[in-house]
Every structure is written in C-alpha cells, then in structure tokens.
A.B. asks: 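Can you read through this structure? Questions will come right after.
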Amino acid sequence: MTSDVEQPTAVSEALGYEQARDELIEVVRRLEAGGTTLEESLALWERGEELAKVCRRWLDGARARLDAALAEEAEAEADEDAP
C-alpha cells in the first residue's frame, strides 16, 4: 500500500525548526480533518511525534545557547565590577 504520508527517517534530523514546525502543523491539520484510514492516521501520528521531537531539540538547543550567552555576560559584568 502506498501513501502520501512521510515515513520517519533520518532526514527529519536535518530539518530546520521552521520546516519541522510547518510540517507538524500540516500533520495536525490532516489528523483533525479526518477522512484518513487508521493506518494513515497512525503514520501521521508517528510522524507528528517525530517532528515534535525535532522541534523540541531545536528549542532546547536555542535555550542552552541563550543560557550560555547570559552566563558569559553575567560573568563579564562581575569581572568588571570586581575590585
């Protein structure tokens, strides 16, 4: 059986945040619209879970970078204020 539902692959690891988010939005839209078979719905759900993980990794990475930058800034300010 063939389906236009993308199967989870290593390719999703290479997706940028915006790409993964946009595809996740489309997956949710299709699930909410209904009209798919159980097999297609499960495949969409699995793809959505994978895309959500990709988005979470991007957001976690961004948070880590922000935290590191803020820590460096605070350290630099503390060094400037030191006697």
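This is a predicted model, so every value here is computed, not measured.
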A.B. asks: About how many Å separate OG1 of Thr36 and CG of Leu31, when rounded to the nearest 0.5 Å?
C.D. replies: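 The distance works out to 6.5 Å.
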
A.B. asks: Heavy atoms only: give me the nearest Ala20-Val54 pair and the separation to one decimal.
C.D. replies: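 Distance-wise, the nearest heavy atoms are CB-CG1, 3.8 Å.
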
A.B. asks: Please report the interatomic distance CG(Leu44) to CD(Glu32), rounded to the nearest 0.5 Å.
C.D. replies: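 Answer for the CG-CD pair, Leu44 versus Glu32, is 12.0 Å.
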
A.B. asks: With rounding to the nearest 0.5 angstrom, report the CG to CZ distance, Leu15 to Arg57.
C.D. replies: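 Reported to 0.5 Å precision, the distance equals 10.0 Å.
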
A.B. asks: Contact between Arg47 and Glu23 at the side-chain level, heavy atoms closer than 4.5 Å - yes or no?
C.D. replies: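 The answer is yes; the side chains approach within 4.5 Å.
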
A.B. asks: What distance separates Gln19 CD from Leu51 CG, expressed to the nearest 0.5 Å?
C.D. replies: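 Rounded to the nearest 0.5 Å, the CD-CG separation comes out at 10.5 Å.
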
A.B. asks: Using modelled atom types only, decide if a donor and an acceptor are shared between the side chain of Glu72 and the backbone of Ala69 within a distance under 3.5 Å.
C.D. replies: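 Side chain of Glu72 to backbone of Ala69, a donor-acceptor pair under 3.5 Å: no, none is there.
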
A.B. asks: Over all heavy atoms of both residues, which pair between Tyr17 and Trp58 is shortest? Give the atoms and the distance, please.
C.D. replies: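 Reported closest heavy-atom pair: N-NE1, 3.6 Å.
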
A.B. asks: If you measure from CZ on Arg63 to CG on Leu70, what distance do you get to the nearest 0.5 Å?
C.D. replies: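 Rounded to the nearest 0.5 Å, the CZ-CG separation comes to 8.0 Å.
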
A.B. asks: How about Glu46 and Glu49: do any of their side-chain heavy atoms sit closer than 4.5 Å?
C.D. replies: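 No, too far: nothing below the 4.5 Å cut-off.
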
A.B. asks: Could you tell me whether Arg29 and Glu26 make a salt bridge, using a distance below 4.0 angstrom between a side-chain N and a carboxylate O?
C.D. replies: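 A salt bridge is present here (some side-chain N lies under 4.0 Å from a carboxylate O).
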
A.B. asks: Hey, what do you get for CH2 (Trp45) to CD (Glu50), rounding to the nearest 0.5 Å?
C.D. replies: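 Result: 14.5 Å between the selected atoms.
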
